[in-house]
Amino acid sequence: MTTSSHPWRDQEPVPTGRVVSAEVDGKRGLLIPVRQAKTQAGIILLIVGLVFLGLAAWGLTGGASFGVVAGVAAALIGLLLFASGVFALRKPKGHNGLLLSPEGMTLAWFPPTVTVPWEQVTDVRPVVLRMGKSKGALVHNYLGVAATPRDAAGSRLRGTAARFAPDLAFVIAMRTVAVDQRLVLKAVRHYHTNPGDRAELGTDAAVTRVHG
């Protein structure tokens, strides 16, 4: 497994999602959405949880000490999975993704959200993760963002980004982004290098700039 700064491999199929104007943590900007967990995942958790609860009932009614212990363990696992499924189905669909605002870049796909001010961003470039050394090895595309200080997005994200290059503060896996990677790279680079246009972020003008 190797990492490098390198032009991205073409996406197949090309994502058809669109950027939108949105507000995250009081910041209005241009949201580049990431793919959210599907409803099916919540349903699967519910089903597996019910299976474990069924095993728990069978183990607890068996009478033997091994059956009781196994039944209690299965009940705990079943309750946890069932509760996770309910939470996944009831969780409101928020604005998840990368928010470009006049203030900076906000990473809003897991709590807590993190904002890196534009003034700290030093570079935006494509990087790749190659799973093997052969010519046909699987390649994953990432958007790399360098910043000063290098832990501007937090130590956890910095730890992952450092695998690609020492100056990167965070990377974004493009396979999780719902918009064409070429549009994403072009948009982030434009607002990084053209501070005079950042005032339009959060308006229809920014959406039009990306999609035309």
Can I get a per-line list of side-chain donor-acceptor pairs under 3.5 Å for residues 114-122, giving both atom names and the distance, sequence neighbours left out?
{"unit_1": "T115", "atom_1": "OG1", "unit_2": "T106", "atom_2": "OG1", "d": "2.7"}
{"unit_1": "W118", "atom_1": "NE1", "unit_2": "S101", "atom_2": "O", "d": "2.7"}
{"unit_1": "T122", "atom_1": "OG1", "unit_2": "A146", "atom_2": "O", "d": "3.3"}

Can I get a per-line list of side-chain donor-acceptor pairs under 3.5 Å for residues 182-191, giving both atom names and the distance, sequence neighbours left out?
{"unit_1": "R182", "atom_1": "NE", "unit_2": "D180", "atom_2": "OD1", "d": "3.3"}
{"unit_1": "R182", "atom_1": "NE", "unit_2": "D180", "atom_2": "OD2", "d": "3.3"}
{"unit_1": "R182", "atom_1": "NH2", "unit_2": "D180", "atom_2": "OD2", "d": "2.7"}
{"unit_1": "R189", "atom_1": "NE", "unit_2": "V124", "atom_2": "O", "d": "3.0"}
{"unit_1": "R189", "atom_1": "NH2", "unit_2": "V124", "atom_2": "O", "d": "3.4"}
{"unit_1": "H190", "atom_1": "ND1", "unit_2": "N194", "atom_2": "ND2", "d": "3.4"}
{"unit_1": "H190", "atom_1": "NE2", "unit_2": "D197", "atom_2": "OD2", "d": "2.8"}
{"unit_1": "H190", "atom_1": "NE2", "unit_2": "R209", "atom_2": "NH1", "d": "3.3"}
{"unit_1": "Y191", "atom_1": "OH", "unit_2": "E200", "atom_2": "OE2", "d": "2.5"}

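Side-chain contact between P15 and V179: absent, with no pair of heavy atoms (C-beta onward) separated by less than 4.5 Å. Residues L201 and R198 have side chains in contact (heavy-atom distance under 4.5 Å, counting atoms from C-beta outward).
Shown here for A152 and A147, the closest heavy-atom pair between the two residues is CB-CB, 4.0 Å. The shortest heavy-atom contact between L168 and F164 is CD1-CB, 3.7 Å. V128 and W8 get closest at one heavy-atom pair: CG1-CD1, 3.9 Å. The minimum heavy-atom distance between H192 and P195, with the atom names listed, is O-CD, 4.5 Å.
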Could you give me the CA-CA distance, side-chain angles and deciding distance for I172 and V177, then say whether side-chain contact (heavy atoms from CB on, under 4.5 Å) is met?
CA-CA 8 Å; I172 301 173; V177 178; 3.9 Å; yes
Carefully, step by step, assess R175 and Y142 under the rule side-chain contact (heavy atoms from CB on, under 4.5 Å).
CA-CA 8 Å; R175 66 181 180 275; Y142 287 77; 3.4 Å; yes
Can you check side-chain contact (heavy atoms from CB on, under 4.5 Å) on L99 and M105, steps first, answer last?
CA-CA 6 Å; L99 184 79; M105 305 172 65; over 6 Å; no
Set out, in order, the CA-CA distance, both residues' side-chain angles and the distance that settles side-chain contact (heavy atoms from CB on, under 4.5 Å) for V207 and S21, then state yes or no.
CA-CA 7 Å; V207 176; S21 296; 3.9 Å; yes
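In summary, D123 and R125 engage in a salt bridge, as defined by a charged side-chain N under 4.0 Å from a carboxylate O.
Atom CZ of R18 is separated from atom NE2 of H211 by 4.5 Å, given to the nearest 0.5 angstrom. Note that CG of L100 and CG of L30 are 5.5 Å apart. Values are rounded to the nearest 0.5 Å.
M174 and V14 are not part of a single hydrophobic cluster, where members link through side-chain heavy atoms under 4.5 Å apart.
The side chain to side chain contact (heavy atoms under 4.5 Å, CB included) with L98 is formed by just one residue from the set V145, L107, V34; it is L107.
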